[in-house]
Amino acid sequence: MVATLCKRFGDLDIAEEAAAEAFATAVERWPSDGVPPGPGAWLTTTATRKAIDRIRRESKRDDKQKEAQMLRYDDPDEVGVVEDERLRLIFTCCHPALAPESRVALTLRMVGGLTVAEIARAFLVQETAMGQRITRAKAKIKANRIPYRVPAAEDLPARVSGVLAVLFLVFNEGYLATGAETDPVRGELTAEALRLTRLIRALLPRDGEVAGLLALMLLTEARRAARVSPGGELVTLGEQDRGAWDAGLIAEGHRLIRERLATREAPGRYQILAAINAVHTSARDVRDTDWSQVVALYDQLVRIDKSPIVVLNRAVAVAELDGPEVALAAVDRLSDALDGYHAFHATRADLLRRLGRSAESRSAYDRAIELAGNTAESAYLARRRDQLRA
Amino acid sequence: MQYLVTVVDDRTNSGTEEEMVAITAFNERIQAEGHWVFAGGLNGPDTATVLDNRDGRGLVTDGPYVETKEWMAGFWVMEAPDLDVALRLAAEGSRACNRKVEVRPFL
């Protein structure tokens, strides 16, 4: 509804406030008057009226022509229209003129409908600071007249990659939530990211990276139920109950990857990451994993993304193929770049443990636990550390 | 809607002949397309004079009001329907004058 209103009125604040007013009116009236036959349409119509009232009150200085344009009506209940408007809103929220952290926050607020408090918690920021960040971003959209529309064809590739980055961040925050107070896995965030990525895919069915990100999310989401133990501890890929994986999501993800392979186009980052996940989800047992294929895919990924995190993940696969000693040598070369990253220390701890270097492993686990933001991950790391022989 | 596109530089009068040719071509194009409002190059900050006449005393000071490492070397005022169009024009302007530019909307 906010997306529909936003399209019509070209103003995020008016749209949000009108929607809130309409809900308040519904809460007041429905118990006595009864729920109207089309509650969604009723809310949208009411909100539209509230917004027009508000603009009339405020727009003595504004030109009448603009107002007349705002009164234009189209069917608010038509799903296609609503979805189109959500898409426009995503592109506005992910506009490159906004700071990256604002894009994520604004997308979650305006498109995902999360509260400021929820977003603040997800990103470990004070609620007031998050509120200010969102307010600033909305003010910038308004002052600059950042348009509510799907960008022109020539701008689309660059703009889509910005949107994908935001959706990937939202998904990851859901899949490995930070914060001592939050659930370790937040299904509402992963579900929202998936839903929005499907929307982008409907817009750009031939875009390889869109398909790649969707496949990556599907194959990751498929493992969600197996990822945290009943005791609230993270379960690593190798130890997961593969029977608990969602076969439907896996089949959909694999289908997307086959479709991409058939195009013979060079894959981008998301497609390669999706392919790595496809190798994992193709193995019925962890011992059946085709590690040489995983390492080959990481080699391909390193060629387009030399970031130390990619090199670290490659080393995890190398440990399975060439043994922990080779992997540890590769990991140790990353110590300058990744000293503040919990996964670096967790990986080192695991490799040192496998090499029987318990004391070094213990201190690496300590460091990883200190840096880990996810409660389930901390619990897993603590158990592993405590199992080390003295 | 109008946008100020500021050309950012760290040297004064540093424009080259080639840059001037590219800027002129760009200017002619945005004039033809109806985006042009006004544009101009500026002398360096060392030629600036600051006035404060708020209390009627007409205080005059030599130099810019704030010393910076980078400053406005020139500007365009452009007409564009929204920021996407303004950014595309600004990107072409940046390329033509071979400098960074900053885009700001008018109130």
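In what follows, chains carry the letters A, B, and so on, assigned in the order in which the sequence lines appear, proteins first and then strands, with residues in each chain numbered from 1.
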Provide the closest heavy-atom pair for B/R88 versus A/A152 in the form atom of the first, atom of the second, distance. NH2-CB, 4.1 Å
Please classify the contact of B/L107 with chain A as side chain, backbone, both or neither, using a heavy-atom distance under 4.5 Å. neither
Separation of B/L83 CG from A/R145 CZ (nearest 0.5 Å): 11.0 Å
Are there more than 12 heavy atoms of other residues, nucleotides or ligands under 6.0 Å from atom CD of A/E154? yes
If you draw a 6.0 Å radius around CZ in B/R29, do more than 12 non-hydrogen atoms from other residues or ligands fall strictly inside? yes
Taking CZ in B/F38 as the centre, count heavy atoms belonging to other residues, nucleotides or ligands within less than 6.0 Å. Is the count above 12? no
Within-4.5 Å side-chain heavy-atom neighbours: B/M1 and A/N144: no
Counting heavy-atom pairs under 4.5 angstrom with chain B, the leader among A/P96, A/A97, A/P147, A/A143 is A/P147
Measure the spacing between CZ of A/R159 and CG of B/D84 and express it to the nearest 0.5 Å. 5.0 Å
Does CD belonging to B/E33 count more than 12 external heavy atoms closer than 6.0 Å? yes
